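All values below come from the heavy atoms of this structure, side chains included, with hydrogens, waters and symmetry mates left out. None of these values were measured; they are calculated from a predicted model.
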Amino acid sequence: MKILVVAAAALLLSSGAAFADCNLAAPDAAAAGPGCARAWMDKNLHLNDIVTVGTHNSYKAAIPDKIMSLIKAAASRMAQGLDYSHLPLADQLNDGARAIEIDVVYDPLGGLYAHPAGAAMTGEVLTPDYVATMSKPGFKVLHVQDIDFHAVCITFVACLHDLKDWSKAHPDHVPILVTMNAKDDAIPMPGSVTPLKFDGAAFDAWDAEIRSVFSRGELVTPDQVQGGAPTLRDAVTSHGWPSLGETRGKFLFALDESGAKIAAYIGGRKSLEGRVMFVNAPEDSPAAAYLTLNETSDIARIAADVQKGFLVRTRADADTVEARTNDTARRDKALVSGAQYVSTDYMQPDTRFGPYLARMPAGVVAACNPQRAPARCAGLPVEAATAP
C-alpha cells in the first residue's frame, strides 16, 4: 500500500504534464489539473514555503570504543552527548534528508589535524590515505579535534562533492540547506591541537572552496535573493525568496555562528554582497534572512519569523536525550513550528536506545509549510519519497 501511495503522489507531482493544460492560477495544487501539482507548486510556492527534515552534524562517524572510554572517564555527560553517528551523506539524502550540517576547521597549510592525540593515546592506527589527505591544505571536517575526529568525509571539499554528485543524480529535489559551524575552540586535553581562528581571510578561503565545487547556477546565494532590494532583510520580508521552481536541485549555505565570526564574515558589507553563505543574523540586521532557533522556547519566535519571510532551522532533538527516553515533545513542536528545516540525529532509530526517530510522514520528503498557507498544497507532498 505504501508503495502505491508514494507512486500515486509521484505521478501527481510529475513534471511531465503539458503545462499549457495546467491552470497555474488555480487556488491550490489539486485544482491545477491532472498531473499539474508539481508545475503549480513550482510556480506558486517559494523556497521558504516548505518544511522538511535533515541531519545534525551530518558528517559525524562513530567514536571508537577506546576513545569513548577516555571521554567517559574524563566527562561522562559529554560522552553521552557525543554517542551518535550518521551514514554517508548520499545515504542520508536518499533517506529524505534535505538539510545537512558540516563543521569545519581552518587548515591553510595542511597537517594540523593529521595526527589526532586520541588516536595516539589509544593505539589507533590511521591509514596512510587519512594522514596524506589531512596533510594537504584546505578545510577539514571534524566535531572535536583529537577525540571526535572520525567523519564520513574528512575534508570539506570531499563532503561538497558527495552532495553535488547526489544532486546531479536527483535534480528535482527541494533546495538543500547546508548549515556550517566554524570550529576554533581549544579543548583541555594534553597534546591537543589549538585550532586556528577564523578571520576575514579564512572566510574568503571558505567561500572559495564552495565555489570550487558548485557553480553559481547550483547555488542560492544572498546576492540572488537580495536582487535590487536595499538590503537582504528588505528582500526576504518584502519581495520574498525565489520560487520553488527556481531553486529545485540547488543548495544554500548558512554560517551558523554569531558575534565576532558573523562580523568577520560580513566585513564592511551592508548585507552579504558577494558572499556565498547566509548568516545567522538577528532579525533587525540588514543581513538577516536565515535564523538558527534550536530551542523549544523559540517556538513562538519561529512562527513569527517564518510569517515575516525568514528562513529558519530548528532541532527536533539534541545530545541523545530524546532518543534515550523516546520523548517526542520537542520533535512534534518543531515540525509544526514553521521552521523550514528541522534537524535531527535520528532519521532512523538508534536501536541501542529505543524507537525514537524524527522524519517526515511516510512517502513525504517535503511538505507545505504549516505557518505559510499550507492549504495551497491540498495535502500533497512538495517532494515525494522515491518508492523502494
Side-chain angles (χ1 to χ4, degrees), residues 10 12-20 22-26 28-29 32 35-52 54 93 98-100 160 163-164 166-179 210-211 213-229 231-254 271-278 287-290 306 308-313 338-341 365-369 371-374 376-377 380-384:
L12 196 56
L13 292 173
S14 170
S15 59
F19 290 173
C22 295
N23 179 11
L24 301 184
D28 60 51
C36 294
R38 158 71 184 274
W40 187 95
M41 290 179 185
D42 281 359
K43 177 176 174 57
N44 290 282
L45 299 183
H46 293 261
L47 184 158
N48 58 320
D49 287 328
I50 66 170
V51 60
T52 188
L93 296 168
R98 294 297 179 265
I100 296 292
L160 295 182
L163 296 175
K164 180 171 179 173
W166 182 89
S167 180
K168 288 295 185 184
H170 305 83
D172 291 333
H173 62 78
V174 296
I176 295 172
L177 172 68
V178 183
T179 54
I210 298 173
R211 289 194 179 103
V213 176
F214 289 100
S215 68
R216 185 180 184 278
E218 294 165 333
L219 296 171
V220 179
T221 66
D223 282 340
Q224 293 168 14
V225 174
Q226 182 172 340
T231 68
L232 184 57
R233 184 188 188 282
D234 289 329
V236 300
T237 58
S238 299
H239 307 298
W241 291 79
S243 71
L244 182 61
E246 292 172 310
T247 55
R248 278 194 191 266
K250 296 185 179 183
F251 292 81
L252 63 158
F253 289 79
S271 293
L272 287 165
E273 296 83 2
R275 283 304 197 189
V276 175
M277 295 184 262
F278 296 88
Y290 163 84
V306 166
K308 291 174 185 174
F310 293 109
L311 195 72
V312 178
R313 178 261 204 181
Q340 289 88 353
Y341 295 94
V365 169
C368 233
N369 191 284
Q371 296 292 336
R372 295 186 60 82
R376 291 179 296 169
C377 288
L380 300 171
V382 178
E383 182 182 346

Is there a donor-acceptor pair under 3.5 Å between the side chain of [X] and the backbone N or O of [Y]?
{"X": "R248", "Y": "D172", "answer": "yes"}
{"X": "R372", "Y": "V306", "answer": "yes"}
{"X": "T247", "Y": "K250", "answer": "no"}

Determine the minimum heavy-atom distance between [X] and [Y], stating which atoms define it.
{"X": "P175", "Y": "L47", "answer": "CG-CG, 3.7 Å"}
{"X": "L232", "Y": "S271", "answer": "N-OG, 3.1 Å"}
{"X": "A289", "Y": "F278", "answer": "CB-CD2, 4.0 Å"}
{"X": "A339", "Y": "V51", "answer": "O-CG2, 3.5 Å"}
{"X": "D223", "Y": "G274", "answer": "OD2-N, 2.9 Å"}
{"X": "Q226", "Y": "A235", "answer": "CA-CB, 3.6 Å"}

Is any side-chain heavy atom of [Y] closer than 4.5 Å to one of [X]?
{"X": "T221", "Y": "F253", "value": "no"}
{"X": "T52", "Y": "E383", "value": "no"}
{"X": "R376", "Y": "N44", "value": "no"}
{"X": "D49", "Y": "W241", "value": "no"}
{"X": "L244", "Y": "H46", "value": "no"}
{"X": "L163", "Y": "L93", "value": "yes"}
{"X": "W166", "Y": "I176", "value": "yes"}
{"X": "S243", "Y": "K43", "value": "no"}

I need the [X] [atom1] to [Y] [atom2] distance, nearest 0.5 Å.
{"X": "N48", "Y": "Q340", "atom1": "CG", "atom2": "CD", "result": "5.5 Å"}
{"X": "C368", "Y": "L45", "atom1": "SG", "atom2": "CG", "result": "5.0 Å"}
{"X": "E273", "Y": "T231", "atom1": "CD", "atom2": "OG1", "result": "9.0 Å"}

Between V225 and L252, does a side-chain contact (heavy atoms from CB on, under 4.5 Å) hold up when you go through it step by step? CA-CA 11 Å; V225 174; L252 63 158; over 6 Å; no
Considering residues at least two apart in sequence or located in another chain, which fulfil the salt bridge (Lys or Arg N to Asp or Glu O under 4.0 Å) criterion with E218?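 For E218, the residues satisfying salt bridge (Lys or Arg N to Asp or Glu O under 4.0 Å) (neighbours in sequence not counted) are K164, K168.
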CA sep, side-chain torsions, deciding dist, call: R98, I50, side-chain contact (heavy atoms from CB on, under 4.5 Å): CA-CA 11 Å; R98 294 297 179 265; I50 66 170; over 6 Å; no
side-chain contact (heavy atoms from CB on, under 4.5 Å) between V382 and C377, worked out: CA-CA 8 Å; V382 178; C377 288; 3.9 Å; yes
Please report the C-alpha distance between Y290 and L177 in whole Å, then the side-chain angles of each, then the deciding distance to 0.1 Å, and finally whether the side-chain contact (heavy atoms from CB on, under 4.5 Å) criterion is met. CA-CA 10 Å; Y290 163 84; L177 172 68; 4.0 Å; yes
